[in-house]
Trainee: 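Below is one structure. I have some questions about it.
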2 protein chains.
Amino acid sequence: MTTEATGSDALSGPTLVGVAELAGVSRSTASRVINGSPNVTEETVARVNEAIARLGYVPNRAARSLVRRRTQTIAMVIPERTAEFFADPYFAEVIQGAAMYASSTDYSLTLLIESESDPAKAHRFLRRGNVDGALVLSHYSASSDYLELSRSLPVVFGVRPAGGIDAEIHIVDVDNDSAAALATEHLIETGRTRIATISGPQSTSAGRERQRGWHRALADAGLGEAGCEEGDYTPASGAAAMERLLAGAGGFDAVFAASAQMAAGALEVLSSRGIRVPEDVAVATIDNNVFTTTTTPPLTTVDLHTAGKGATMVATLERLIRGEHVEAMTPVPIELVRRGSS
Amino acid sequence: MTTEATGSDALSGPTLVGVAELAGVSRSTASRVINGSPNVTEETVARVNEAIARLGYVPNRAARSLVRRRTQTIAMVIPERTAEFFADPYFAEVIQGAAMYASSTDYSLTLLIESESDPAKAHRFLRRGNVDGALVLSHYSASSDYLELSRSLPVVFGVRPAGGIDAEIHIVDVDNDSAAALATEHLIETGRTRIATISGPQSTSAGRERQRGWHRALADAGLGEAGCEEGDYTPASGAAAMERLLAGAGGFDAVFAASAQMAAGALEVLSSRGIRVPEDVAVATIDNNVFTTTTTPPLTTVDLHTAGKGATMVATLERLIRGEHVEAMTPVPIELVRRGSS
DNA sequence: CTGAAAGCGCTTACAG
DNA sequence: CTGAAAGCGCTTACAG
């Protein structure tokens with residue numbers, strides 16, 4: 001800190017030959033030490049490292065990039081549409097997770113906005129060797145263009161591409177089926193036997209998958225379904241679904257709601273009917289967000305590790321860049337968070 | 001599109017000598033055309049440009065960066081703290097605005113997370129010539145370290161640094177005083193004469209500035225204060241402040257609330273008392289967010305142009321990088337959005 | 001284990 | 001207006 005250069009010197013800074021001279025070795029040897037080559041004497045390594053420390057040397061990124069043909073940069077491709085993207089804290093969290101993880105690696109994360117007026121611009125940027133790989137976070141862009149891009153550049157998708165999935169691409173996403181099963185299994189483990197569900201819209205794959213997970217967990221435990229009503233992920237729809245469930249013939253001692261917002265709505269109805277949670281009816285859901293902590297009682301839920309998804313996307317891309325084999329689908333770890341509703 | 005190379009070729013791609021050969025000129029001349037040098041024949045320019053187009057040539061960024069000592073990259077420094085940062089849509093919007101604007105320039109935007117465990121890491125990165133400039137968005141980091149950094153690297157702050165402001169630094173921020181005055185002036189223009197305020201915490205500079213703006217607008221119009229109660233930006237505190245205002249001696253026909261959340265709380269109280277908005281009491285506030293559109297009636301407010309702030313930060317940094325003179329403080333344009341509450 | 005040399009792809013004085 | 005040459009700061013075969 002004390003002896004660091006200031007002003008424009010900061011941009012030039014100490015150079016490899018400076019290190020080499022101070023250490024009394026050649027540039028080649030200094031470079032080998034820097035890059036962790038095994039073929040260097042212990043003593044030489046020490047001398048070079050000392051020189052590096054003394055000078056506060058850091059390799060020039062451009063020079064290194066030029067010769068290695070690696071940029072050490074990855075792009076996060078995000079859609080331009082504000083409403084669908086930045087307004088959604090989900091995406092902000094994915095980006096944060098990715099940025100945090102990237103900061104622990106040698107890669108820089110560049111934000112690449114896919115302009116609606118010129119979507120090809122982002123593609124050009126990506127194809128021009130500006131980055132070593134790309135993370136794609138937009139449904140919109142998950143078109144055949146990107147599928148094609150992933151043949152010439154390592155690409156990891158954070159969303160399922162609209163066009164069918166072929167073996168060439170790599171996706172990091174949460175396993176909705178497992179998340180639903182995890183919540184349902186938890187209800188079963190706590191002794192519930194008649195478990196209903198408030199499902200998400202069956203027109204969406206996530207909605208279908210979560211319902212399937214609930215069903216599977218029941219089947220695996222030898223239990224039958226105790227009711228199933230569909231909502232649209234809003235609290236109001238959750239409340240309405242709960243009303244229908246209560247009006248139904250079969251009783252139930254637990255409910256798995258496919259989203260926290262719907263669970264919150266359902267809780268209101270139970271409360272207004274004097275049905276105690278969790279004594280009379282246990283509730284478990286998915287999404288560890290503000291809706292699960294502000295309800296009474298707070299909701300047992302499955303944390304989708306959204307920030308972890310961002311991190312996993314980067315980690316997966318790193319493997320791809322290194323040329324390692326990567327499965328087409330990398331699930332994001334999920335976790336049950338137990339609270340008062342079960 | 002049709003003749004583009006695929007596979008690893010995408011990373012090498014056409015090179016400057018390829019262009020030069022195809023155009024029948026030297027690398028020097030080709031380079032001059034690419035960089036818009038005036039000392040080239042029209043005909044040569046045409047030939048080179050044709051070769052560039054035919055080859056789909058794009059300059060290698062690393063090579064150019066190496067010789068120019070410019071990275072064409074700027075960093076957006078953001079704090080690690082999730083709760084205070086990514087949870088806040090305000091920051092996501094600033095980032096979006098910056099990324100959008102950057103995509104229209106020659107600069108790439110890199111996300112640089114300031115790790116709490118090793119805050120010096122971000123500084124090292126910045127000092128090492130990895131970027132041409134930095135945008136700083138964290139209060140936390142706006143310490144003397146960054147003030148010092150801004151002496152060796154173009155830096156634009158999106159927040160007021162905690163330590164005093166000296167002439168050396170550059171800030172892009174909204175003018176809270178003006179925003180408050182704008183809202184208050186609007187109330188005055190619509191005929192209100194007894195205008196109270198629900199202020200923000202006077203322990204914060206934004207809180208004080210907004211109160212000052214309200215006061216200034218009244219004074220400019222020759223009006224006196226019709227009440228002033230402090231809140232802490234939460235809806236509950238806005239409701240409480242409104243109760244106190246109503247309990248006070250002097251009547252009022254309008255209220256300027258220093259934040260939309262407080263205005264929302266105040267509206268509830270007015271509604272429960274049967275006080276009509278805007279007939280009996282007009283309300284105007286600051287922040288054009290979800291709280292202003294979901295209330296009854298929706299709130300007249302001042303849009304702080306948060307995305308515009310991000311854009312202005314980038315634009316300001318560009319000017320700084322070019323060596324242009326930039327004022328210490330660049331205000332972000334604000335705008336009155338008129339809705340039903342006034 | 002180490003060094004001299006070539007080269008990554010560009011830009012820019014320097015001559016002409 | 002144009003070209004030959006040097007150089008940006010690194011890495012990496014190639015010899016030794």
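Please read all numbers here as calculations on a predicted model, not as lab measurements.
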Trainee: Which heavy atom of B/M76 sits nearest to which heavy atom of B/A98, and what is that distance?
Mentor: CE-CB, 3.5 Å

Trainee: Which nucleotide in the set C/dG9, D/dT2, D/dG9 lies at the smallest distance from any side-chain heavy atom of A/N60?
Mentor: D/dG9

Trainee: Side-chain donor-acceptor pair under 3.5 Å between B/R32 and B/T44, yes or no?
Mentor: no

Trainee: Of all the heavy-atom pairs spanning B/V19 and B/A30, show the shortest one and how long it is.
Mentor: CG1-CB, 4.5 Å

Trainee: Ignoring backbone atoms, establish whether B/N39 has a side-chain N or O less than 4.0 Å from OP1 or OP2 of D/dC1.
Mentor: yes

Trainee: If the cut-off is 4.0 Å, is B/S65 near the phosphate of D/dC8, judged by side-chain N/O to OP1 or OP2?
Mentor: no

Trainee: Which comes earlier along DNA chain D counting from the 5' end, the contact point of B/V40 or that of B/L66, where each point is its nearest nucleotide?
Mentor: B/V40

Trainee: Rounded to the nearest Å, what distance is computed from the CZ atom of residue A/R70 to the P atom of nucleotide C/dG9?
Mentor: 15 Å

Trainee: Looking just at side-chain N and O atoms, do A/T71 and B/R61 make a donor-acceptor pair shorter than 3.5 Å?
Mentor: no

Trainee: Do any N or O atoms from the side chain of A/T105 and from the backbone of A/Y107 form a donor-acceptor pair under 3.5 angstrom?
Mentor: yes

Trainee: With Watson-Crick and G-U wobble geometry limited to distances under 3.5 Å, how should the secondary structure of DNA chain D be encoded in dot-bracket form, using | for bases paired to another strand and [ ] for crossing pairs?
Mentor: |||.||||||||.|||

Trainee: From CD of A/E42 over to C1' of C/dT2, roughly how many Å is that when rounded to an integer?
Mentor: 17 Å

Trainee: Output the rounded distance in Å from CD (B/E21) to P (D/dG3).
Mentor: 13 Å

Trainee: Round to the nearest Å and state the distance from B/Q72 atom CD to C/dG9 atom P.
Mentor: 20 Å

Trainee: Would you mind reading off the distance between B/E43 atom CD and D/dC1 atom P, rounded to a whole angstrom?
Mentor: 13 Å

Trainee: When you check every protein heavy atom under 4.0 Å of nucleotides 11-16 of chain D, what one-letter string (B, S, -) results, 5' to 3'?
Mentor: BBB---

Trainee: Output all residues satisfying side chain to side chain contact (heavy atoms under 4.5 Å, CB included) with B/V17, sequence neighbours left out; order by chain, then residue number.
Mentor: B/T15, B/E21, B/R27

Trainee: May I have the distance from A/L55 (atom CG) to D/dG9 (atom C1'), rounded to whole angstrom?
Mentor: 15 Å

Trainee: Take atom C1' in D/dT12 and the same atom in D/dG16, then report the distance between them in whole Å.
Mentor: 16 Å

Trainee: Looking at every non-hydrogen atom in both residues, tell me the closest pair between A/T330 and A/T312 and how far apart they are.
Mentor: CG2-CG2, 3.9 Å

Trainee: For a quick test of reading the model, state the closest non-hydrogen atom pair linking A/A62 to B/S65 and the distance between them.
Mentor: CB-OG, 3.5 Å

Trainee: Is the phosphate of C/dT2, meaning OP1 or OP2, less than 4.0 Å from a side-chain N or O of A/T41?
Mentor: yes

Trainee: Restricting to non-hydrogen atoms, name the atom on B/A134 and the atom on B/L126 that form the minimum distance, rounded to 0.1 Å.
Mentor: CB-CD2, 3.9 Å

